[in-house]
Amino acid sequence: MKKYFVIGNPINHSLSPKLQNRWLKENNIDATYDKIKLEDHEINDFIKDIKKQKIAGCNVTVPFKKKVIPFLDKLSQEAEKTQSVNTIIFDKGDLVGHNTDISGFNAAIKKLNFKIKGKKILILGAGGVVPSIIFALKNMHVQEIIITNRTREKAENLKFLFNNLKVLEWGDLTDFHMVINATSLGLNNETINLDFSSLGHDKLFYDIIYNPQETPFLKMGKQLGNTTENGKTMFVYQALEAFKLWHNMVPKVNTDTFKLLDND
Ligand code: ATR
């Protein structure tokens with residue numbers, strides 16, 4: 001039986017096994033999908049097992065999306081550009097790293113009633129998922145991307161990957177049409193210490209976090225009269241793209257798919 005995994009640290013919160021196992025069952029694929037917590041020094045051996053086909057493939061989450069790259073043979077164009085891999089496949093003897101976070105974010109934005117072209121976007125955070133968001137936003141022809149991160153240097157480093165980014169000191173704010181929380185603040189109900197109250201309403205507050213469904217950041221955005229959206233659709237569609245890469249099939253996405261992820 002083929003074995004798939006999602007690797008990360010921490011990994012307990014991941015809902016990937018729930019979703020992937022549902023789709024495996026629905027499509028009568030004889031395979032399993034589990035989560036596994038790894039330490040840095042264990043990545044190499046784990047990935048060697050994919051090369052030996054003891055493991056069929058894996059998803060990669062925080063903090064390994066960049067760290068897995070040296071152990072792979074090839075990268076997709078998106079993974080190369082973002083230096084971020086969230087899906088590993090075995091293809092004709094090669095270990096190939098893909099980035100499906102980008103298409104996940106694309107799909108999520110397309111499903112919103114929000115014309116993103118020409119808009120000003122503020123991103124909070126500069127961690128693992130941010131290069132994928134910037135890549136997607138650039139393809140959507142947004143007007144401006146502004147990054148603010150507690151550790152300013154990490155935001156500045158994104159300029160090595162992308163042109164025309166503006167970096168703002170953590171704590172400072174500027175006007176925007178859409179703000180994206182890409183920090184880990186909210187995973188455990190933490191608030192974000194930024195004051196959005198003077199910036200007006202009718203903006204889009206988007207959180208990459210999907211579990212819990214409504215972070216304090218989204219609650220605050222709603223209270224101030226803005227539209228809000230969590231990261232669930234992005235999560236489902238990045239998973240769908242990974243499923244397609246491994247199994248050459250498009251799994252079903254319907255209200256049940258989303259309900260499955262509601263029990264948090
Ligand atoms: P990594 O930084 O290892 O890629 P991540 O979960 O992808 O991990 O990113 C965490 C993000 O949340 C980072 O932008 C981090 O800011 P720093 O780069 O300064 O660490 C941000 N973050 C985490 N805790 C935070 C806090 N208490 N206040 C502000 N930002 C925080």
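Positions are given from 1 along the sequence. All ligand and atom numbering here is 1-based and tracks the order in the structure.
What sits closest to atom 17 (P) of ligand 1 on the protein, heavy atoms only, is Thr151 OG1, 3.4 Å. What sits closest to atom 31 (C) of ligand 1 on the protein, heavy atoms only, is Arg150 CZ, 3.8 Å. With respect to atom 16 (O) of ligand 1, the closest heavy atom belonging to the protein is Asn149 OD1, 3.3 Å. Shortest contact from atom 11 (C) of ligand 1 to any protein heavy atom: Thr183 CA, 3.8 Å. Protein heavy atom nearest atom 28 (N) of ligand 1, with residue, atom name and distance: Leu185 CD1, 3.5 Å.
Within the listing of ligand 1, atoms 29 (C) sit less than 4.0 angstrom from a heavy atom of Trp170. Within ligand 1, counting atoms from 1 as listed, the ones closer than 4.0 Å to a heavy atom of Gly125 are 14 (O). If you number the atoms of ligand 1 from 1 as listed, the ones under 4.0 Å from a heavy atom of Ser184 come out as 10 (C), 11 (C), 12 (O), 23 (C), 24 (N). Of all atoms in ligand 1, numbered sequentially from 1 with element shown, those under 4.0 Å from a heavy atom of Ala126 are 14 (O). For ligand 1, the atoms closer than 4.0 angstrom to any heavy atom of Lys154 are 1 (P), 2 (O), 17 (P), 18 (O), 20 (O).
Shown here, atom 24 (N) of ligand 1 is in close reach of the protein: a heavy atom of it lies under 4.0 Å off.
A cation-pi geometry, defined here as NZ or CZ lying under 6.0 Å from the six-membered ring centre and within 45° of its normal, holds between Lys81 and Phe162.
Outside the 6.0 Å centre-distance limit, the rings of Phe71 and Phe64 are not counted as a close aromatic pair.
If you run side chain to side chain contact (heavy atoms under 4.5 Å, CB included) between Leu124 and each of Leu168, Leu194, Asp207, Ile180, only Leu194 comes through.
Sorted by first and then second residue, the salt bridge (Lys or Arg N to Asp or Glu O under 4.0 Å) pairs involving residues 168-183 (not counting sequence neighbours) are Arg152-Glu169, Asp175-Lys203. The salt bridge (Lys or Arg N to Asp or Glu O under 4.0 Å) analysis of residues 91-107, with sequence neighbours excluded, yields the pairs Lys65-Asp101, Lys74-Asp94.
Between Trp246 and Tyr33, the angle of the ring planes lies from 30° to 60°, which puts this pair in the tilted group.
The existence of a salt bridge linking Lys259 and Asp262 is excluded, since no basic side-chain nitrogen approaches an acidic carboxylate oxygen closer than 4.0 Å.
Checked against a 3.5 angstrom limit, the closest N/O atoms of Val62 and ligand 1 fall outside it.
Between Cys58 and Ile50 there is a side-chain heavy-atom pair separated by less than 4.5 Å.
The closest heavy-atom contact to atom 9 (O) of ligand 1, among the options Gly171, Ser84, Gly127, Pro63, comes from Gly127.
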